[in-house]
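Quick notes on the structure that follows.
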Amino acid sequence: GIQVEQSPPDLILQEGANSTLRCNFSDSVNNLQWFHQNPWGQLINLFYIPSGTKQNGRLSATTVATERYSLLYISSSQTTDSGVYFCAVERGTNAGKSTFGDGTTLTVKP
Amino acid sequence: DVKVTQSSRYLVKRTGEKVFLECVQDMDHENMFWYRQDPGLGLRLIYFSYDVKMKEKGDIPEGYSVSREKKERFSLILESASTNQTSMYLCASKLAGGRETQYFGPGTRLLVL
């Protein structure tokens, strides 16, 4: 099956710093999502981004489908950005079965 | 907004008990999923359903079964709970089709003693 690798596995930042999280995948995909898992365990949708670039406030994401990677940018990080960031990809249609990366654990210190 | 709810946030059960985890979504989504999340292992798909009464095994179906009698409800059943099923269980739903967003419930932390 498809392999999804996220890097770095752990990241510690001071508040206000910028960061880039990476997601590499081993085959072509037709769906890619970025999620943030908060300290209570809830996964929150950040971006649906199978290709191209999107921005939402301090967060933006870029997927280069032909080169099989996606990047999540966090600017001016805040302590509330702490948590685990997951990339999930999907191949095929209808059934919608996703493969998740292992996540990047982000800690933002005040 | 899409809302996916799970019947319990925390659950403690004894080995051998039958356990039901319920998931309900309110957006008429065709596809529903059950995952478990364990430290160091990420999210792993247990079962998914793409229609009422339809189900398919995911990556780790052993020890679990599912039921989908109504479109909005997807139940995960542990026939005889074991300690290695202590985990965080996450339900998700999405519309059918290859380009749709997946939405997650808040999760159920299950402890099997």
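A/Tyr48 approaches B/Thr101 most closely through the heavy-atom pair CB-OG1, 3.6 Å. Between A/Trp40 and B/Arg9, the shortest heavy-atom distance links the atoms O-NH2, 3.1 Å. Closest heavy-atom contact between B/Leu43 and A/Phe86: CD1-CZ, 3.8 Å. Residues A/Asn45 and B/Gln102 share a closest heavy-atom pair of OD1-O, 2.7 Å.
Hydrophobic clustering of Ile, Leu, Val, Met, Phe, Trp and Tyr side chains at less than 4.5 Å, counting indirect connections, keeps B/Val66 apart from B/Met54. A/Val4 and A/Ile49 fall within the same hydrophobic cluster, where Ile, Leu, Val, Met, Phe, Trp and Tyr residues are linked whenever their side-chain heavy atoms come under 4.5 Å apart, directly or through other members. The hydrophobic clustering, which links ILVMFWY residues whose side-chain heavy atoms are closer than 4.5 Å, places B/Ile60 and B/Leu41 apart. Note: the hydrophobic cluster containing A/Trp34 also contains A/Val89 (ILVMFWY, side chain heavy atoms under 4.5 Å, direct or indirect links). Hydrophobic clustering places B/Ile46 together with B/Phe74 (ILVMFWY residues linked when any side-chain heavy atoms are closer than 4.5 Å, directly or through intermediates).
With contacts defined as side-chain heavy-atom distances shorter than 4.5 Å, the pair B/Leu90/A/Gln37 qualifies. Side-chain contact between B/Phe33 and A/Ser98: absent, with no pair of heavy atoms (C-beta onward) separated by less than 4.5 Å. A/Glu90 has its side chain within reach of B/Lys94: a pair of non-hydrogen atoms, C-beta onward, lies under 4.5 Å apart.
Within 6.0 Å of the CD atom in A/Glu15, the count of heavy atoms belonging to other residues, nucleotides or ligands exceeds 12.
Neither the backbone nor the side chain of B/Glu30 comes within contact range of chain A, judged by heavy atoms closer than 4.5 Å. Proximity to chain A is limited to the side chain of B/Arg109, based on heavy atoms less than 4.5 angstrom apart. Neither the backbone nor the side chain of A/Phe47 comes within contact range of chain B, judged by heavy atoms closer than 4.5 Å.
Distance OH/B/Tyr103 to CD/A/Gln33: 8.0 Å, rounded to 0.5 Å.
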